[in-house]
Participant: 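Take this structure first; my questions come after.
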Amino acid sequence: MKISVIGAGAMGGAMVEGFVKCGMLAAADITVSAPHEATLERFKSLGVNVTTDNKVATAAGDVVFVVVKPWLAEQVIGEIRAAVDYNRQIIVSVMAGVSGSQLKEWFGGTDGKQPRLFIVIPNIAIAVKSSMTFIVPVNADEEATAVMAALFDSTGLQMVTEERLLGAATTLASCGIAYAMRYVRASTEGGVELGFKARDAQRIVMQTMKGAVDLLQASGSHPEVEIDKVTTPGGMTIRGLNEMEHAGFTSSVIRGLKAGMSK
Ligand SMILES: NC(=O)C1=CN([C@@H]2O[C@H](COP(=O)(O)OP(=O)(O)OC[C@H]3O[C@@H](n4cnc5c(N)ncnc54)[C@H](O)[C@@H]3O)[C@@H](O)[C@H]2O)C=CC1
Ligand SMILES: O=C(O)[C@@H]1CCC=N1
């Protein structure tokens, strides 16, 4: 299978890195395009094919990912549409907020024909094969959906879902990386105030977060079950947790998630 990625920024670049590492593809099976040679330099060293011509990139892939900013979607789709083989290729939009009906309108030919079409929302942890990726079949058969699921199984976890859940999925998992990073930063700053060097504090926080995730994955528990194991009555943890809640911890996380998907 050959893959093309149009747009090599934060998301497209992370996808290329993840695909190179995923074990399903050779680097030579991947083509990436961007408007400027300078953007493509770092991808050359990964052994992938690079081009500044989106049409060349489009023709090279069995699966073509469009990973530009949403406001460039119509322009880029208009540019590549004639290069798409509607019978052979799978087209994937990785653009938050660009709807399936909008994509169908842009790809629709005068004869009403559509390519096999998906919306996919990964997160930047795809670069290290730890993405949470959502796959929405917009115009796709089971065979194409299975191809996409297998590809994104190789770069982390995937979930085939409905378009109506994409806003929630994006704020939880794609924006969620930033929210989790902010927790790491906040805890690290707390650790520094309490006496650790910043580097040490960050290592401690990262290992602690990893431990929490590992525990939940191993036990399948509700987080509160694990919290109960940590909170000695009248002890340190419950004092810390209650203080965080007095300052609005849970509420601010939920409000942030909801604000992330509004618009
Ligand atoms: N960054 C993230 O965590 C996530 C991003 N997305 C989606 O990914 C898309 C891209 O976002 P980012 O990578 O964050 O933006 P970015 O600005 O980092 O990357 C966009 C890239 O597109 C390139 N580009 C601009 N015009 C182009 C053209 N005409 N042809 C080809 N390439 C062109 C730019 O050179 C740039 O490298 C957006 O639609 C966003 O909604 C989706 C999920 C997560
Ligand atoms: O912030 C954004 O709009 C994009 C979509 C999800 C992550 N980055």
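For the numbers below, each heavy atom of this structure counts, side chains included, while hydrogens, waters and symmetry mates do not. Just follow the structure's listing: the first ligand is 1, and inside any ligand the first atom is 1.
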Participant: Going by salt bridge (charged side-chain N to carboxylate O under 4.0 Å, His left out), name the pairs with one or both residues in residues 191-210, residues two or more places apart or in two chains.
Facilitator: Lys210-Asp214
Participant: Atom 6 (C) of ligand 2: protein heavy atom closer than 4.0 Å?
Facilitator: yes
Participant: For residues Met148 and Val120, determine if any side-chain heavy atom of one lies less than 4.5 Å from a side-chain heavy atom of the other.
Facilitator: yes
Participant: For Gln202 and Thr188, which I'm curious about, is there any donor-acceptor pair between the side chains at under 3.5 Å?
Facilitator: no
Participant: State whether any protein heavy atom lies less than 4.0 Å from atom 2 (C) of ligand 2.
Facilitator: no
Participant: What pairs meet the salt bridge (charged side-chain N to carboxylate O under 4.0 Å, His left out) rule with one or both residues in residues 78-103, with sequence neighbours excluded?
Facilitator: Asp62-Arg88, Asp85-Arg88
Participant: Applying salt bridge (Lys or Arg N to Asp or Glu O under 4.0 Å), can you list everything that pairs with Lys55, at least two apart in sequence or on another chain?
Facilitator: none
Participant: In terms of side-chain geometry, is the basic nitrogen of Arg42 or Glu17 positioned less than 4.0 Å from the acidic oxygen of its partner?
Facilitator: yes
Participant: What are the atoms of ligand 2, with element, lying closer than 4.0 Å to any heavy atom of Ser174?
Facilitator: 6 (C)
Participant: Going by atom types only, do Glu245 and Thr250 share a side-chain donor-acceptor pair under 3.5 Å?
Facilitator: yes
Participant: List of N/O pairs, ligand 1 versus protein, all under 3.5 Å?
Facilitator:
unit_1   : atom_1 : unit_2 : atom_2 : d
ligand 1 : 8 (O)  : Val94  : O      : 3.2
ligand 1 : 13 (O) : Ala10  : N      : 3.2
ligand 1 : 13 (O) : Met11  : N      : 2.8
ligand 1 : 14 (O) : Lys69  : NZ     : 3.4
ligand 1 : 15 (O) : Lys69  : NZ     : 3.1
ligand 1 : 18 (O) : Ala10  : N      : 2.8
ligand 1 : 30 (N) : Asn54  : ND2    : 2.8
ligand 1 : 37 (O) : Gly9   : N      : 3.3
ligand 1 : 39 (O) : Val68  : O      : 2.7
ligand 1 : 41 (O) : Ala96  : N      : 2.9

Participant: Are Arg239 and Glu243 close enough, and set up right, to give a salt bridge (charged side-chain N to carboxylate O under 4.0 Å, His left out), and what steps lead you there?
Facilitator: CA-CA 6 Å; Arg239 291 202 301 276; Glu243 185 59 29; over 6 Å; no
Participant: Within a distance under 4.0 Å of any heavy atom of Ala96, pick out the atoms of ligand 2 and give their elements.
Facilitator: 5 (C)
Participant: Using a 4.0 Å cut-off to any heavy atom of Thr170, which atoms of ligand 2 qualify?
Facilitator: 6 (C)
